[in-house]
Amino acid sequence: MKVKNQKILLISMPILVICFMFLGYIIAPNDPFKVNLALRFSNTSDHYPFGNDDLGRCIFSRILYGGRTTIYMVLLASILIFILGILIGAITSKVMMKKNIFVEALINAVTAIPPIAYLIIFVASWGSGVKTTLIALVISYILRFVRLARTQINLESEKAYVMCMTSLGASKFRILLIHILPNIISELIHYLCLSCADMILAITAFSFIGLGLGDNVVEWGNMILEARKSIFIKPNLILYPMIAVLLTTVSFNLLGRQVIRK
């Protein structure tokens, strides 16, 4: 019972951190876009818990709104990757089709290129923006998820219980949905959680190098880029978004670790 309660606690803690970062904008005390040069580089106060940046904007509110932007994109991308990845992986698996050398070669070829390379190509071709980055994230990370889903399904299909169900006349759809998928779902969620952490770092990195989501979008990477200009005047400006990125990525990693743990 104690071990079970400990596991619930270890799962709930990262979920609470992610939910707070995602929904925290609701309690934001100020408008994240409001400029007030009179409060430029102001210290912490009751109305501005983290102080103000070089334009007098509320840092705490910008952190919360930045979390909504980043985690919204990551969660939406992960849902699309999960659904499409399982669908494509199931269709191209041994259960649904015979061994196809062309399909295997194609999947191996496209997954040999790092996801960051696809992101650079898409963003450079279509320009920066929320929609462009979201599409780039889905296309970049879905390739490896398809490969994982396909591999897991193929390995599971060779087990005795699947062969027994096949000999009993169970349909391919029933074998996949009822028998195979529940046994591999934890592996898929584990990989997806790690991918979510990786996507957060990718979004932040692109904003930091100037390929952000746009001037009208609050995002942690852009906050780090702006704070770098004032690092000798007020070094703590760069720490707040970096800590937010660290907490969120660690939370996704911990969540994935607890999902996979028996």
Side-chain angles (χ1 to χ4, degrees), residues 3-4 6-15 18 71 73-115 118 134 137-202 248-262:
V3 175
K4 185 178 180 180
Q6 185 179 6
K7 183 173 182 179
I8 293 174
L9 180 63
L10 291 174
I11 292 177
S12 61
M13 286 179 63
I15 290 177
I18 294 169
I71 297 178
M73 292 180 61
V74 168
L75 292 180
L76 182 57
S78 63
I79 291 172
L80 294 174
I81 290 170
F82 186 77
I83 296 173
L84 295 176
I86 290 179
L87 182 61
I88 298 172
I91 292 174
T92 58
S93 67
K94 293 179 182 178
V95 178
M96 297 300 293
M97 63 184 297
K98 295 181 179 179
K99 186 175 181 180
N100 192 313
I101 298 178
F102 175 75
V103 173
E104 291 183 1
L106 180 62
I107 293 176
N108 291 332
V110 296
T111 53
I113 303 175
Y118 287 104
L134 181 61
L137 286 173
V138 173
I139 296 176
S140 302
Y141 286 87
I142 196 174
L143 302 173
R144 278 167 172 72
F145 192 83
V146 167
R147 183 178 182 178
L148 175 65
R150 184 173 180 270
T151 302
Q152 291 293 327
I153 292 173
N154 288 342
L155 291 174
E156 203 71 18
S157 66
E158 296 176 356
K159 294 185 177 180
Y161 79 92
V162 175
M163 297 179 183
C164 291
M165 294 305 302
T166 303
S167 63
L168 291 173
S171 64
K172 295 179 179 180
F173 179 79
R174 178 180 176 83
I175 292 174
L176 276 171
L177 187 63
I178 306 298
H179 301 285
I180 294 181
L181 187 57
N183 290 321
I184 66 171
I185 194 70
S186 61
E187 292 282 350
L188 298 180
I189 294 177
H190 170 68
Y191 180 80
L192 197 62
C193 288
L194 298 181
S195 297
C196 286
D198 196 28
M199 282 188 276
I200 291 174
L201 295 176
T248 311
T249 52
V250 169
S251 296
F252 273 112
N253 276 283
L254 290 176
L255 186 59
R257 185 178 179 182
Q258 293 304 318
V259 168
I260 200 67
R261 182 176 293 177
K262 302 297 183 180

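We count residues from 1, following the sequence as given.
Judged as a side chain to side chain contact (heavy atoms under 4.5 Å, CB included), and not counting sequence neighbours, the contacts of Gln152 are Leu148, Ile184, Glu187. Under the side chain to side chain contact (heavy atoms under 4.5 Å, CB included) criterion, Ala77 pairs with Leu134, Leu137, Val138, Met199, sequence neighbours left out. For Leu194, the side chain to side chain contact (heavy atoms under 4.5 Å, CB included) partners two or more places apart in sequence, or in a different chain, are His190, Asn253. With sequence neighbours left out, Thr248 forms a side chain to side chain contact (heavy atoms under 4.5 Å, CB included) with Met21, Ile71, Ile200, Trp220, Phe252.
Atoms CG and CD1, on Asn183 and Ile153 in that order, are 11.5 Å from each other to the nearest 0.5 Å. One distance of note links OG1 of Thr249 with CG of Asp198; it measures 10.0 Å at 0.5 Å rounding. With rounding to the nearest 0.5 Å, the separation of CG in Leu255 from OG in Ser12 is 10.0 Å.
Contact detail for Ser251 and Pro14: the closest heavy-atom pair is O-CB, 3.2 Å. Taking both residues in full, the closest heavy atoms of Ala149 and Leu188 are given as CA-CD2, 3.9 Å, listed atom of the first, atom of the second, then distance.
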Side chains of residues 79-90: which donor-acceptor pairs under 3.5 Å do they make with residues two or more places apart or in other chains?
none

